[in-house]
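Just follow the structure's listing: the first ligand is 1, and inside any ligand the first atom is 1. Each residue takes its place number in the sequence, starting with 1.
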Amino acid sequence: MSTDSSHSGTKPTVIIVGGGIIGCSAAYELSKAGFACTLIEKGALNQEASIAAAGMLGAQSETHRPGPYYELCRLSQQLYRAWTDELEQVSGLTAQYVAEGIIRAALTEEDEAELRGRLSWIQDAEWVQPAEMLKLEPELTAAVHGGLYLPADHHVHPVWLAKTLQAAIARQGCTIREWTPVIRLLTEPGSGRIRGVQTSEGPLYADLVVLATGAWSPALTESLGLSLPMFPVKGQCISLKTEAPLIRSTVFTKGCYVVPKRDGSYIVGATQTEAGFDKRPIARVIGELHAKAAALLPRLADAEFVSTWAGLRPGTRDALPFLGTWDAAPGLIFATGHYRNGILLAPATARIVAELAQGRPTSADLAPFTPARAAADTAA
Ligand code: FAD
């Protein structure tokens, strides 16, 4: 392995650690901004959380209060269509963007009260009465109490988004090193400045390093004395098919959603458990998830079973990502901890990483997402 960045000529160099959606998106944006990028992945690109996702761009359906996180989700949602159009042009592939919204259905009074409460601050949302909802989606259970219609919460197919991004970054000339675990970050003695990474094949140096290692991120920050409060949150999903389409919108209720994909399949998700790095789908859990989906859309009881899988969301204690820089480790950009919304947040994250790398003002206020909040926890 080359131990310096001289291959890049006069371009500034960046190493992106982690080849999920976040790392690939950052690599694309940084390459476009004129950086010589090397993307390093311990396995193959996009084999972890990013292809386990359902692909909902749920800025409205996934946030529970107004504030900076909601604003970040909205920003990314607004960037999405143009971003995937551009990636599709560069790659010649499709991310399977579907411009249909989400119905956030209430099945209990408690759920109804919670959803109605969101109407005071959420944009692009309307309350739909049960009869009207059944007109929108006639296959829904008649037990529905009504719900929110969120027309801006579109979706993509994560597997196809991953293929599109991978092809796009290859076309941009990004160097991709798969099957190359990063063992630790390399710091300059004294200043703490990040100079590169130690990989299984030797050291590699660059002007900047981006940390995009999802649920595995704490392993790389420990040696900096920073204990990131992150943990894997296992999510299990099923793919089903029916002979005729059942729904146009994504239908989402507490603990279960059904996302109709362009190929005629549905992604049914997702469970949520903290089980370490165990990614095995469990038959009982998958059975329960299917039962919930069939309670929401009764005709799914007899759907064709296509497949099942599980992935590890990069969870954080306060459910906010770590996005930004940290004074104690100049040269390092954090882009991790996207928990339930990393697919949605990919374009905004990539844009912000490129802005930070160029020393420009960022498109969002990063104070709530600062890695320094973990440093305060570490010190406590
Ligand atoms: P990952 O995809 O996990 O990528 C991290 C990469 O870093 C991995 O490839 C890993 O191998 C690599 N890595 C780690 N350590 C090292 C190292 N030391 N050296 C080199 N490489 C390393 N989000 C949405 O927006 N919408 C959804 O509908 C949605 N649904 C979901 C459903 C499920 C079941 C799950 C599990 C997640 C869902 N998410 C959804 C969340 C989303 O998938 C994640 O937030 C997102 O994929 C995180 O991307 P990432 O690139 O940070 O992580």
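Backbone and side-chain nitrogen or oxygen atoms of N46 are examined, and none is located within less than 3.5 angstrom of a nitrogen or oxygen of ligand 1. For the pair S50 and ligand 1, the shortest N or O to N or O distance falls below 3.5 Å. No N or O atom of A335 sits closer than 3.5 Å to an N or O atom of ligand 1. Looking at ligand 1, you'll find an N or O of I343 within less than 3.5 Å of one of its N or O atoms.
E41 places no side-chain N or O within donor-acceptor distance of the main-chain N or O of E178, the cut-off being under 3.5 Å. A donor-acceptor contact shorter than 3.5 Å is absent between the side chain of Q96 and the backbone of W160. When atom types are taken as modelled, the side chain of T221 and the backbone of L226 share a donor-acceptor pair closer than 3.5 angstrom. Looking only at distances, a side-chain donor or acceptor of S76 sits under 3.5 Å from a matching main-chain atom of A348.
Of the listed residues (I22, V156, T213, V259), the one carrying the non-hydrogen atom nearest atom 22 (C) of ligand 1 is T213. Distances from atom 21 (N) of ligand 1 to the heavy atoms of Q77, E62, K42, Q272 show the closest one on K42. Across the listed options S25, A215, P314, P314 owns the non-hydrogen atom lying nearest to atom 48 (C) of ligand 1. Of the candidates I40, V182, L211, N341, it is V182 that places a heavy atom closest to atom 17 (C) of ligand 1. Taking only non-hydrogen atoms, the option from H338, Q47, E41, E48 nearest to atom 11 (O) of ligand 1 is E41.
Every atom of ligand 1 is numbered from 1 in the order shown, and the set under 4.0 Å from a heavy atom of I21 is 51 (O). The Y339 neighbourhood of ligand 1 comprises atoms 41 (C), 42 (C), 44 (C), 45 (O), with distances under 4.0 Å to a heavy atom of that residue. Per-residue contacts place G311 under 4.0 angstrom from the following atoms of ligand 1 (heavy atoms of the residue considered): 36 (C). Close contacts of ligand 1 with A53, meaning ligand atoms under 4.0 Å from a residue heavy atom, involve 29 (C), 30 (N), 31 (C), 32 (C), 33 (C), 38 (C), 39 (N), 40 (C), 43 (O). Heavy-atom contacts of A212 reach the following atoms of ligand 1: 5 (C), 7 (O) (cutoff under 4.0 Å). Those atoms of ligand 1 with a heavy atom of G235 less than 4.0 angstrom away are 34 (C). Atoms of ligand 1 lying under 4.0 Å from any heavy atom of L344, numbered from 1 in the order shown and given with element: 24 (C), 25 (O).
The side-chain tip of K42 does not point at the ring of W179 from less than 6.0 angstrom away and within 45° of straight on. Seen from the ring of F322, R373 counts as a face-on cation partner, given the 6.0 Å and 45° thresholds.
For Y70 and W121, the gap between ring centers is short of 6.0 Å.
Look at G55 and you'll find a heavy atom under 4.0 Å from some atom of ligand 1. Contact analysis puts Y257 in contact with ligand 1, with a non-hydrogen atom separation below 4.0 angstrom. Assignment of C237 to the shell around ligand 1 is supported, since a heavy atom sits closer than 4.0 Å.
One finds a salt bridge joining E288 and R284 here, because a Lys/Arg side-chain nitrogen approaches an Asp/Glu carboxylate oxygen to under 4.0 Å. In summary, E48 and K279 engage in a salt bridge, as defined by a charged side-chain N under 4.0 Å from a carboxylate O.
For residues 297-314, the salt bridge (charged side-chain N to carboxylate O under 4.0 Å, His left out) pairs, not counting sequence neighbours, are E139-R299.
Screening T108, D111, L115, L107 for a side chain to side chain contact (heavy atoms under 4.5 Å, CB included) with K254, the sole residue that qualifies is D111.
Residue, atom and distance of the protein heavy atom nearest to atom 33 (C) of ligand 1 are A52 O, 3.6 Å. Atom 53 (O) of ligand 1 has its closest protein heavy atom at G214 CA, 3.9 Å.
Using cut-offs of 30° and 60° for the angle between ring planes, the Y97 and Y80 rings count as tilted.
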Pair up each side-chain donor or acceptor in residues 325-333 with any protein partner under 3.5 Å, not counting sequence neighbours, and list the distances.
none

